[in-house]
Amino acid sequence: MQSQFTDLAPLYDSLMAEIPYEHWVDYVLKLAALEHHTVHRVLDVGCGTGSAAYLLADRGCEVVGFDASPQMIEVARRKAGGRRNPSFFVSRMEELNSSSTPSPFDTAISLFDTVNYVTDPTDLQRAFKAVFTVLEPGGLFIFDMNTPFALEMEMFTQNNLKSRGEPKYSWISKYNPLERLTTVDMSFYVKQGDTRVTVKETHFQRAYAVSEIHKMLAIAGLDVLDTFEAFTLKKPRASTDRAHIVARRPRI
């Protein structure tokens with residue numbers, strides 16, 4: 001599949017300017033607290049431009065983030081302003097290993113549907129095993145995913161062409177039920193002086209059932225502790241579009 005988060009990387013933080021990152025981080029910490037788990041050393045899986053990683057570092061955590069996109073990691077590093085925490089490196093989720101980064105971590109997180117971007121189930125199984133490997137016994141893995149409902153409803157189809165927001169964009173998603181893949185054709189219209197330049201990327205996500213993810217986590221050696229409709233403590237419903245899953249590497 002073609003590269004994703006390449007030309008988009010310099011636009012990403014502007015695109016996500018309205019996202020309440022602090023709310024996302026608060027929720028992750030809340031889920032950890034429900035398991036009586038204290039978060040100290042965090043691996044941010046698919047960290048993007050590092051916004052969540054920086055917030056966790058501000059709260060006293062030692063954070064290491066990685067992403068498959070060198071361009072996104074370049075943006076994340078530029079935001080450091082001389083800080084050594086968090087630190088970042090480039091890797092695909094399924095290629096992570098204990099030699100990639102000092103381990104173990106007491107917590108791994110993965111936000112903004114990173115798991116859906118791993119479109120080969122074999123690769124995702126490897127990714128979950130990799131997370132198991134770098135977690136310390138008793139460590140938590142907290143992540144979110146787009147549900148099949150979200151992708152089947154083509155919720156990525158959206159635009160802000162009539163708003164004042166920048167950059168202007170138009171996305172069209174198409175779901176293939178046979179392959180369980182969503183293709184999102186993204187067009188961004190970026191101001192350059194008095195004109196606009198069009199930047200295009202195509203993104204791909206796979207629809208994984210929550211039960212399928214639970215099974216893959218178990219095969220990787222991770223115990224599923226709970227699953228919630230995103231940002232709530234409710235169980236997912238048929239119409240849930242995003243779920244958060246909490247898993248643990250067993251203590252022994």
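Numbers here simply count residues along the sequence, with the first being 1.
- In this structure, Leu111 is not a member of the same hydrophobic cluster as Val131, with clusters built from ILVMFWY side-chain heavy atoms closer than 4.5 Å.
- A 4.5 Å side-chain heavy-atom check between Asp13 and Val75 finds at least one atom pair inside the cut-off.
- By the 6.0 Å contact criterion, NZ on Lys235 is enclosed, its count of non-hydrogen atoms from other residues, nucleotides or ligands being greater than 12.
- Here Arg84 contributes atom CZ and Glu62 contributes atom CD; the two are 12.5 Å apart, rounded to the nearest 0.5 Å.
- When all heavy atoms of Phe89 and Ile73 are compared, the closest pair comes out as O-CD1, 3.6 Å.
- Between Val63 and Ala57, the closest heavy-atom pair is CG2-N, 3.8 Å.
- With respect to Asp123 and Arg92, no salt bridge is recorded, no charged nitrogen being found less than 4.0 Å from a carboxylate O.
- The environment of CD in Glu35 is crowded: more than 12 heavy-atom neighbours from other residues, nucleotides or ligands sit within 6.0 Å.
- Ring geometry for Phe128 versus Phe143: interplanar angle of 30 to 60°, hence tilted.
- Here CZ of Arg206 is found 6.0 Å from CG of Leu181. Values are rounded to the nearest 0.5 Å.
- Heavy atoms only, all atoms of each residue included: Ala207 and Pro148 are closest at CB-CA, 4.0 Å.
- Counting heavy atoms from C-beta on, the side chains of Asn116 and Thr182 never come closer than 4.5 Å.
- The minimum heavy-atom distance between Glu154 and Tyr175, with the atom names listed, is OE2-N, 3.0 Å.
- Side-chain atoms of Pro167 and Arg196, non-hydrogen and from C-beta on, never get closer than 4.5 Å to each other.
- Between Met155 and Phe149 there is a side-chain heavy-atom pair separated by less than 4.5 Å.
- Follow the hydrophobic side-chain contacts under 4.5 Å out from Ile219 and you never reach Leu124; the two are in separate clusters.
- In terms of hydrophobic clustering, with Ile, Leu, Val, Met, Phe, Trp and Tyr side chains grouped at heavy-atom distances under 4.5 Å, Phe132 and Val64 are assigned to a common cluster.
- For the pair Val115 and Asp144, the minimum side-chain heavy-atom distance is 4.5 Å or more.
- In this structure Ala209 satisfies the side chain to side chain contact (heavy atoms under 4.5 Å, CB included) test together with Ser211, Glu212, sequence neighbours excluded.
- Contact check for Thr227 versus Pro236: side-chain heavy atoms found under the 4.5 Å cut-off.
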Residues Leu56, Asp44; criterion side chain to side chain contact (heavy atoms under 4.5 Å, CB included); working and verdict: CA-CA 10 Å; Leu56 284 165; Asp44 189 350; 5.6 Å; no
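- Test Thr114, Thr119, Leu151 against Gln205 for side chain to side chain contact (heavy atoms under 4.5 Å, CB included) and you get one pass: Leu151.
- Partners of Lys215 by salt bridge (charged side-chain N to carboxylate O under 4.0 Å, His left out), not counting sequence neighbours: none found.
- Residues that satisfy the ring-ring contact (aromatic ring centres under 6.0 Å, His included) test with His23, not counting sequence neighbours, are Phe231.
- Using a 4.0 Å cut-off between charged nitrogen and carboxylate oxygen, Asp120 and Arg126 do not count as a salt-bridge pair.
- Residues satisfying the side chain to side chain contact (heavy atoms under 4.5 Å, CB included) criterion with Ala230, sequence neighbours excluded, are Arg242, His244.
- Taken together through direct or relayed side-chain contacts under 4.5 Å among Ile, Leu, Val, Met, Phe, Trp and Tyr, Phe188 and Met72 form part of one hydrophobic cluster.
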Candidate pair Val90 and Phe66, rule side chain to side chain contact (heavy atoms under 4.5 Å, CB included), full reasoning: CA-CA 5 Å; Val90 178; Phe66 75 90; over 6 Å; no
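- Annotation: the span from Gln125 atom CD to Ile213 atom CD1 amounts to 9.0 Å, rounded to 0.5 Å.
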Side chain to side chain contact (heavy atoms under 4.5 Å, CB included) between Leu29 and Arg59, intermediate numbers included: CA-CA 11 Å; Leu29 295 177; Arg59 298 183 187 204; 3.7 Å; yes
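- For the pair Asp241 and Ala150, the tightest heavy-atom approach, listed with the atom from each and the gap, is O-CB, 3.3 Å.
- Rounded to the nearest 0.5 angstrom, Thr49 OG1 and Phe5 CZ are separated by 10.0 Å.
- Side-chain atoms of Asp185 do not come within 3.5 Å of backbone N or O of Thr202 as any donor-acceptor pair.
- The CZ atom of Phe156 sits 14.5 Å away from atom CD1 of Ile172, with the distance rounded to the nearest 0.5 Å.
- The CZ atom of Arg249 lies 14.0 Å from the CG atom of Leu217; values are rounded to the nearest 0.5 Å.
- Checked against side chain to side chain contact (heavy atoms under 4.5 Å, CB included), Pro104 has the following partners two or more places apart in sequence or in another chain: Glu136.
- Considering only residues two or more places apart in sequence or on other chains, Phe88 meets the ring-ring contact (aromatic ring centres under 6.0 Å, His included) condition with Tyr54.
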Side chain to side chain contact (heavy atoms under 4.5 Å, CB included) between Ile109 and Leu140, worked out: CA-CA 8 Å; Ile109 66 169; Leu140 291 188; over 6 Å; no
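- Formation of a donor-acceptor pair under 3.5 Å by the His37 side chain with backbone atoms of Thr107 is not found in this model.
- Residue Ala32 comes nearest to Val39 through the heavy atom pair CB-CG2, 3.7 Å, listed as atom of the first residue, atom of the second, then distance.
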Verdict with reasoning, Tyr21 to Phe112, per ring-ring contact (aromatic ring centres under 6.0 Å, His included): CA-CA 10 Å; Tyr21 281 100; Phe112 302 105; 5.5 Å; yes
Glu201 and His203: CA distance, side-chain angles, deciding distance, side-chain hydrogen bond (donor to acceptor under 3.5 Å, both in side chains) verdict: CA-CA 6 Å; Glu201 282 196 4; His203 288 203; 2.7 Å; yes
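- The hydrophobic clustering, which links ILVMFWY residues whose side-chain heavy atoms are closer than 4.5 Å, places Tyr189 and Leu8 apart.
- Within the 4.5 Å cutoff, no side-chain heavy atoms of Thr240 are placed close to those of Lys234.
- Using a 4.5 Å heavy-atom cutoff, the side chains of Leu34 and Asp226 are not in contact.
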